[in-house]
Protein chains: 2
Amino acid sequence: MALKYSRQREVIKAFLYNTDKHPTADDVYVNIRKQYPNISLGTVYRNLTLLSDMGEIKRLRVGDGIDHFDADTSPHNHFICSECGCVIDLKMENIDYITEAASKNFGGQIVGHTTYFYGYCEDCCNELQAFVQQAN
Amino acid sequence: MALKYSRQREVIKAFLYNTDKHPTADDVYVNIRKQYPNISLGTVYRNLTLLSDMGEIKRLRVGDGIDHFDADTSPHNHFICSECGCVIDLKMENIDYITEAASKNFGGQIVGHTTYFYGYCEDCCNELQAFVQQAN
DNA sequence: GCAAAAGTAGTAATCATTACTGTTATTGTT
DNA sequence: AACAATAACAGTAATGATTACTACTTTTGC
């Protein structure tokens with residue numbers, strides 16, 4: 001029941017805190033194995049679930065069928081590139097007021113929302129533009 | 001290449017059009033098997049993918065790791081009950097203007113968004129209230 | 001230093017989904 | 001109506017992310 005220290009969990013946490021990407025369990029596993037070749041994929045999954053249950057990290061279901069994880073638990077929204085699949089933090093105003101709009105004409109209770117924006121990231125926009133120019 | 005008629009596809013489409021629920025592939029499979037015991041799960045998956053690629057239905061990734069499907073392709077938002085997992089259509093004003101808020105300070109191009117509201121559905125709210133009253 | 005309990009590595013199992021394969025149904029053409 | 005081309009199917013095997021299990025290792029309070 002009581003939580004005990006584990007080096008593996010610390011390493012996983014440190015890895016997440018030191019990236020602005022939004023890695024999957026396998027991303028975490030592959031990267032940490034460079035330094036700790038013995039770590040088990042099950043350990044990575046268990047600790048990611050544990051950390052997100054404790055609220056220290058956030059689990060993102062971005063729609064590609066694979067869970068991503070984010071050490072930044074402050075309220076913010078995400079963008080997912082339809083081309084390369086990358087996940088990017090958005091610096092935008094708070095839009096939680098949309099829950100009020102949703103609460104109208106609804107019998108139950110709305111607690112919150114998850115919003116993902118999609119489109120083309122800056123890199124993919126540039127590549128696409130280069131491709132079009134080359135064609136001319 | 002050309003699309004051919006298939007009874008199975010028609011039945012799948014009809015089932016989806018006659019429910020206000022948002023069934024999973026397995027829901028569709030189980031229900032249609034009552035009438036067509038020979039239908040294959042693979043056929044259900046293939047046709048659901050085909051229909052959603054053609055834009056006749058919409059694939060919903062509601063965050064439970066299982067794809068749900070909706071025959072209503074008109075723009076509307078969904079609510080997912082944190083208690084029972086049900087998916088409900090929301091009758092609410094259009095909130096697509098949030099993409100403008102997201103586009104500010106963003107280098108790429110934002111095409112759209114997927115927003116899911118969560119909380120407790122009417123039925124679960126009532127059950128919860130009954131439970132609380134019973135405790136007093 | 002020791003015992004209780006939490007955590008781990010490694011592997012097996014699960015579950016949704018997709019791919020494959022040999023057969024069946026549809027369709028445009030005689 | 002019969003025919004050939006090909007889309008679609010049923011049934012099954014394979015895939016990929018995730019979870020469960022088990023015997024061993026760490027941590028921790030005394």
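FYI, side chains are in, hydrogens and waters are out, and symmetry mates aren't considered; it's all heavy atoms of this structure. The chains referred to below are lettered A, B, ... by the order of the sequence lines, with proteins before strands, and numbering in each begins at 1.
Among the atoms of the strands shown, none is found under 4.0 Å from any heavy atom of D26(A).
Look at CZ on R9(B): it is 12 Å from P on dA10(D), rounded to the nearest Å. Rounded to whole Å, the distance from CD1 on I66(A) to C1' on dT17(C) is 13 Å. In this entry the distance linking CG of L41(B) with C1' of dG11(D) reads 11 Å, nearest Å. The distance between atom CG of D64(A) and atom C1' of dT17(C), rounded to the nearest whole Å, is 14 Å. Following rounding to the nearest Å, F69(A) (CZ) and dA17(D) (P) show an atom-to-atom distance of 13 Å. Atoms CD (E10(B)) and C1' (dA8(D)) sit 13 Å apart, rounded to a whole Å. Residue D67(B) contributes atom CG, which lies 14 Å from atom C1' of dA17(D) at whole-angstrom precision. Rounded to whole Å, atom P of dT18(D) lies 12 Å from atom CG of L60(A).
L128(B) and I80(B) are not part of a single hydrophobic cluster, where members link through side-chain heavy atoms under 4.5 Å apart.
Remark: the backbone N or O of T24(B) is paired with a side-chain donor or acceptor of D27(B) at under 3.5 angstrom. Between the side chain of R9(A) and the backbone N or O of K4(A), at least one donor-acceptor pair lies under 3.5 Å.
Among residues at least two apart or in separate chains, ring-ring contact (aromatic ring centres under 6.0 Å, His included) pairs with a member in residues 46-104 of chain A are H22(A)-H78(A), H76(A)-H78(A), F79(A)-F106(B). Pairs of residues two or more places apart, or lying in two chains, never qualify as side chain to side chain donor-acceptor pair (under 3.5 Å) while including a residue from residues 119-131 of chain A.
Note that CG of N105(A) is 10.0 Å distant from CE of M92(B), once rounded to the nearest 0.5 Å.
For the residue pair T49(B)/R46(B), the side-chain donor-acceptor check at 3.5 Å is not satisfied.
OP1 or OP2 of dT26(D) has not a single side-chain nitrogen or oxygen of Q8(A) nearer than 4.0 Å.
A heavy atom lying under 4.0 Å from DNA chain D marks the following residues of residues 45-55 of chain B, by number: R46(B), N47(B). For DNA chain C, the residues of residues 27-40 of chain A within the heavy-atom distance limit of 4.0 Å (strictly under) are N38(A), I39(A), S40(A), sorted by number.
Remark: Y29(B) pairs with no residue by the ring-ring contact (aromatic ring centres under 6.0 Å, His included) rule, at least two apart or across chains.
Considering only heavy atoms from C-beta on, R7(B) stays 4.5 Å or farther from E10(B) through its side chain. Side-chain contact between D96(A) and H113(A): present, with at least one pair of heavy atoms (C-beta onward) separated by less than 4.5 Å.
Contact record, C125(B) with Q109(A): SG-N, 3.8 Å, taken as the closest heavy-atom pair.
Remark on DNA chain C: of its neighbouring residues T43(A) and G65(B), the 5'-side contact belongs to T43(A), judged by nearest-heavy-atom nucleotide.
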Could you list the protein-to-nucleotides 25-27 of chain C atom pairs, N/O on both sides, closer than 3.5 Å?
| from | atom 1 | to | atom 2 | distance (Å) |
| --- | --- | --- | --- | --- |
| dT26(C) | O2 | K4(B) | NZ | 3.0 |
| dT27(C) | OP1 | Y5(B) | N | 3.2 |

